[in-house]
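The next block holds one structure in the form of structure tokens; read it before the comments.
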Amino acid sequence: MAMALSATIYLTNMMNIGRRGIHYLHTLNSVPKNLIEEGQNRVVEASLTLIRERAKLKGELVRALGGAKASSSLLGVPLGHNSSFLQGPAFAPPRIREAIWCGSTNATTEEGKELNDPRVLTDVGDVPVQELRDCGIDDDRLMNIISESVKLVIEEDPLRPLVLGGDHSISYPVVRAVSEKLGGPVDVLHLDAHPDIYDCFEGNKYSHASSFARIMEGGYARRLLQVGIRSITSEGREQGKRFGVEQYEMRTFSKDRHFLENLKLGDSVKGVYISIDVDCLDPAFAPGVSHIEAGGLSFRDVLNILHNLQADVVAADVVEFNPQRDTVDGMTAMVAAKLVRELTAKISK
């Protein structure tokens, strides 16, 4: 009877958590901690099992078809709570997927890759971020779950993760997973209006404005190139110097253009990671972002950088698209989708 009552209380409180949020857990003094921990563990295992089985299925399919040395695999991470302004990027992954397959365009990249071919692009679904948070999973553990999900994709050779954010805090656990799984640091090409390298922004070490500080201090990147920067504080510059970051600001882009459009990265490391914050683009091209910063890259500037890049791209992300600020016709969704499509061509071979 007592156990049945405890279980009833547990289930009722889990439902309340979903309605009231993660912080409600701190008031649940009547619920045994072991019950909460057991429930959390089951949800975590179910989440990882879903990613694992999907990755296995897609990996087996690509291997059976043959001929692919590397294949892009979408993994959504709908996380928005580490944003410093708006949490809308949590809603981006399904909007990007919808735009990728929108009938207004075709399924071919500019470089001729056919997205309908699973040897070019597969999809393993989303990490269920909100469900995990509703069970009281804190950010330390959530970051580990994201990393483990990325590793599950990498384990299914030749799949390589192409991650749909979410805010930019997701880049830290993703890059960490790639580096740890491949056995060494990677070079990172980071396109963004902001350097996202604060030591701890607004008291949050996992802030979307701190992701690259975590990456650099962890030794997961040998070389970090930040392109499109046009909103940077003195701390951002100091942190850049501290970690040896190559920061290319928009005010000097005309001078740096030839170099940036002819990059060769990845020598003597495990590969290259590309992180694209949609706000690297001028808001004329991509208005649907949380932090609108005028004076950015054109879409063709970004494509020129990607198309001409000489590198073994082992993983990538597209982050910070905010559907809640997009235009009525979904313009930024289509922009984010095309970025994903062209990254797919860069990864798959």
Side-chain angles (χ1 to χ4, degrees), residues 72-77 79 83 89 92-93 95-97 99-100 109-111 121 150 160-172 174-175 178 186-197 208-209 211-212 215 221 224-231 245-248 250 253 260-261 263 265 271-283 285-293 296-309 311 313-323 326 331-348:
S72 299
S73 189
L74 300 180
L75 172 67
V77 184
L79 185 156
S83 296
R95 299 293 180 268
I96 296 174
R97 286 188 176 93
I100 289 171
T109 72
E110 288 197 4
E111 295 182 301
L121 181 65
V150 171
R160 293 185 175 183
L162 205 176
V163 180
L164 308 178
D167 68 45
H168 221 149
S169 68
I170 71 166
S171 292
Y172 163 58
V174 178
V175 173
V178 172
V186 293
D187 284 348
V188 177
L189 175 59
H190 168 207
L191 283 71
D192 202 327
H194 319 87
D196 292 349
I197 203 165
H208 70 158
S211 49
F212 288 91
I215 288 168
L224 172 59
L225 290 80
Q226 298 184 319
V227 181
I229 305 299
R230 57 194 185 277
S231 179
V245 179
E246 300 167 55
Q247 294 176 333
Y248 297 93
M250 282 308 302
F253 182 73
L260 295 173
E261 291 183 352
L263 289 172
L265 301 175
V272 174
Y273 186 95
I274 301 176
S275 180
I276 302 182
D277 185 321
V278 177
D279 72 25
C280 72
L281 293 160
D282 191 273
F285 299 92
V289 295
S290 298
H291 299 268
I292 294 172
E293 193 69 42
L297 296 160
S298 74
F299 194 83
R300 187 50 57 182
D301 290 334
V302 173
L303 290 194
N304 287 342
I305 291 170
L306 293 180
H307 289 167
N308 296 329
L309 173 66
V313 181
V314 293
D317 66 52
V318 174
V319 299
E320 296 288 353
F321 162 46
N322 184 345
D326 204 1
M331 171 182 169
T332 313
M334 295 301 291
V335 167
K338 180 145 184 171
L339 290 171
V340 171
R341 293 156 73 100
E342 297 307 310
L343 283 170
T344 295
K346 206 68 194 177
I347 293 171
S348 301

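Here the structure is a predicted model, which means the values were calculated and not measured.
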Tell me whether N304 contacts the main-chain N or O of E261 through its side chain, where contact means a donor paired with an acceptor under 3.5 Å.
no
I need the T109 OG1 to L343 CG distance, nearest 0.5 Å.
11.0 Å
Would you mind reporting whether V174 and P161 have side-chain heavy atoms less than 4.5 Å apart?
no
Under 3.5 Å, is there a donor-acceptor pair between the side chain of R230 and the main chain of C280?
yes
Taking K346 for its side chain and L306 for its backbone only, find out whether a donor-acceptor pair lies under 3.5 Å.
yes
With side-chain contact (heavy atoms from CB on, under 4.5 Å) as the test, would you mind laying out the steps for E246 and H190 before giving the verdict?
CA-CA 10 Å; E246 300 167 55; H190 168 207; over 6 Å; no
Quick check: closest heavy atoms across E110 and L303, and the distance to 0.1 Å?
OE2-CD1, 3.6 Å
Is there a donor-acceptor pair under 3.5 Å between the side chain of D282 and the backbone N or O of G296?
yes
Side chains of S211 and D196: do they bring a donor and an acceptor to under 3.5 Å?
no
Any idea how H291 and H208 line up, ring-wise: parallel (<30°), tilted (30 to 60°), or perpendicular (>60°)?
tilted
Should I274 and L309 be marked as a side-chain contact (heavy atoms from CB on, under 4.5 Å) after you check the CA-CA gap, both sets of side-chain angles, and the distance that decides it?
CA-CA 11 Å; I274 301 176; L309 173 66; 3.7 Å; yes
Would you call D279 and E293 a side-chain contact if the rule is heavy atoms closer than 4.5 Å?
no
Run F253 and D301 through side-chain contact (heavy atoms from CB on, under 4.5 Å) and show every step you take.
CA-CA 10 Å; F253 182 73; D301 290 334; 3.9 Å; yes
Specify the closest pair of heavy atoms between V272 and A311, including all atoms of both residues, with the distance to one decimal.
CG2-CB, 3.6 Å
Smallest heavy-atom separation, S290 atom then P89 atom, equals OG-CD, 3.8 Å
Quick check: does any side chain N or O of R341 sit under 3.5 Å from a backbone N or O of I100, one acting as donor and the other as acceptor?
yes
Distance (rounded to the nearest 0.5 Å) between Y273 OH and L224 CG:
12.0 Å
Measure across L225 and Y248 and return the closest heavy-atom pair with its distance rounded to 0.1 Å.
CD2-CE1, 4.1 Å
If you measure from CD1 on I305 to CG on L263, what distance do you get to the nearest 0.5 Å?
7.0 Å
So, does Q226 use its side chain to make a donor-acceptor pair with the main chain of P195 at under 3.5 Å?
yes
Step through the shown structure and confirm whether more than 12 heavy atoms of other residues, nucleotides or ligands are within 6.0 Å of CZ on R97.
yes
Rounded to the nearest 0.5 angstrom, the CG-CD1 distance for L162 and I347 is 4.0 Å
Work out which heavy atom in S275 is nearest to a heavy atom in S171; give both atom names and the distance.
OG-OG, 3.4 Å
Please report the interatomic distance CG(L164) to CG(L339), rounded to the nearest 0.5 Å.
11.0 Å
Going through the distances and angles, do V163 and I170 end up as a side-chain contact (heavy atoms from CB on, under 4.5 Å)?
CA-CA 9 Å; V163 180; I170 71 166; 3.7 Å; yes
Gap between atom OG of S73 and atom CZ of R160 - 0.5 Å precision:
12.5 Å
Would you check, one step at a time, whether the test side-chain hydrogen bond (donor to acceptor under 3.5 Å, both in side chains) holds for D326 with T332?
CA-CA 6 Å; D326 204 1; T332 313; 2.8 Å; yes
Are any non-hydrogen side-chain atoms of H168 and V319 less than 4.5 angstrom apart?
yes
Of all heavy-atom pairs between G165 and A92, which one has the smallest distance, and what is that distance?
O-CB, 3.3 Å
Using side-chain heavy atoms (C-beta onward) and a distance below 4.5 Å, is V302 in contact with F285?
no
